[in-house]
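One structure is given below, encoded as structure tokens.
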Amino acid sequence: MDKKKAIDDSEPGPAPTRAVDRFGFVKQEQISSPDGLPKGRSIHEREREERRIRKWRKMIGVGGNDWKHYVRRNPHVVKRRIRKGIPDCLRGLVWQLISGSRDLLLMNPGVYETLVIYETSASELEIIRDISRTFPSHIFFQQRHGPGQRSLYNILKAYSVYDRDVGYVQGMGFLAGLLLLYMSEEDAFWLLVALLKGAVHAPMEGLYQAGLPLVQQYLSQFEKLVMEHMPKLGQHFVEEMINPTMYASQWFITVFSYSFPFHLTLRVWMSFFTRVLRLFSKLDWLY
């Protein structure tokens, strides 16, 4: 950055700043109110959030040790609290507990390190090409070859080796990137495995298998839902020969993390994990 300033006798104006929202995405506008709190979040809301965090910490226990027992005893309480929203500071840990990825991590010590360091992938060049396109407005991924981009590369390369039938497909980076915002590199890898291979729920790997079968299924279901719930819009699409593949494929391939506002993406993921929880609470062998 050029630090030289032109000589000017006039009163200097305020220097432009790059504001960052509470999720780490760079914004051009000011996002804080005069009292220093994030815009739209009052002191009362902050206090309420702190109470929610205390409830969640008590529910999951230290490092998540009490989670399984609490889910077994109080599944409806857990479901209600998830629908209200997982505290952002605990989101990563709760995702791991719900998905079963924490168990995968414990059952596979050293596997991730081996995949990253000692294995080679046929998709390495493709992964490198796409890294800078993943959440380019987030401060964690903006630095070329910085820690965020390195971690993202490691996860995608490791998964392409772990599951060679799927390998790497453009769009996977947004899943891995979203997970990296809430957990360590190795934790994010095993959560990606749990989601795609289906540790405690139906596998999502069909999003990336040859022919994208799960994407095609979702697009067909989406088209029927539009016709059912928004018939005028659905009929308009038919008349204009607009089908969901023209605008919605990216939604499903990236699980709504590419073009949707980040807070809305988190709501979608919250709904997904709520459904996963229904299966999780019924698996007696987990306890």
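Model, not experiment: these values are computed from the prediction.
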**Item:** Aromatic plane relationship, Phe135 with Phe174 - under 30° parallel, 30 to 60° tilted, over 60° perpendicular
**Value:** perpendicular
**Item:** Working for side chain to side chain contact (heavy atoms under 4.5 Å, CB included), residues Trp67 and Leu93
**Value:** CA-CA 10 Å; Trp67 171 258; Leu93 175 58; over 6 Å; no
**Item:** Considering all heavy atoms, the nearest Tyr168-Ser160 contact
**Value:** N-CB, 4.0 Å
**Request:** Step by step, work out the side-chain hydrogen bond (donor to acceptor under 3.5 Å, both in side chains) result for Tyr159 and Asp163.
**Result:** CA-CA 6 Å; Tyr159 190 85; Asp163 186 356; 3.2 Å; yes
**Request:** Report the C-alpha distance between Leu178 and Trp269 in whole Å, list the side-chain angles of each, state the deciding distance to 0.1 Å, and finish with yes or no for side chain to side chain contact (heavy atoms under 4.5 Å, CB included).
**Result:** CA-CA 10 Å; Leu178 177 65; Trp269 280 65; 3.2 Å; yes
**Request:** Could you label the plane-to-plane angle of the Phe252 and Phe256 rings as parallel, tilted or perpendicular, counting under 30° as parallel and over 60° as perpendicular?
**Result:** perpendicular
**Prompt:** Got a salt bridge between Lys157 and Glu126, using NZ or NE/NH1/NH2 to carboxylate O under 4.0 Å?
**Reply:** no
**Request:** Walk me through it: do Asp88 and Tyr182 pass the test side-chain hydrogen bond (donor to acceptor under 3.5 Å, both in side chains)?
**Result:** CA-CA 8 Å; Asp88 209 53; Tyr182 288 101; 2.8 Å; yes
**Worked verdict on Ser101 versus Asp187 for side chain to side chain contact (heavy atoms under 4.5 Å, CB included)** = CA-CA 8 Å; Ser101 69; Asp187 287 339; over 6 Å; no
**Request:** Please determine, by modelled atom types, if Glu113 and Tyr118 share a side-chain donor-acceptor pair under 3.5 angstrom.
**Result:** no
**Message:** Assess whether a salt bridge exists between Asp103 and Lys68, defined as any Lys/Arg side-chain N lying under 4.0 Å from an Asp/Glu carboxylate O.
**Reply:** yes
**Message:** Walk me through whether Glu185 and Ser151 qualify under side-chain hydrogen bond (donor to acceptor under 3.5 Å, both in side chains).
**Reply:** CA-CA 6 Å; Glu185 193 178 300; Ser151 293; 2.9 Å; yes
**Message:** Is it true that, when you exclude Leu106 itself, more than 12 heavy atoms of the residues, nucleotides or ligands shown sit nearer than 6.0 Å to its CG?
**Reply:** yes
**Request:** Report the C-alpha distance between Phe25 and Phe262 in whole Å, list the side-chain angles of each, state the deciding distance to 0.1 Å, and finish with yes or no for side chain to side chain contact (heavy atoms under 4.5 Å, CB included).
**Result:** CA-CA 9 Å; Phe25 289 90; Phe262 195 72; 3.5 Å; yes
**Fill in**
Interatomic distance, CG@Leu179 vs CZ@Arg91, rounded to 0.5 Å, equals 12.0 Å
**Prompt:** Nearest 0.5 Å, what's the CD1-CG distance between Ile98 and Leu191?
**Reply:** 10.0 Å
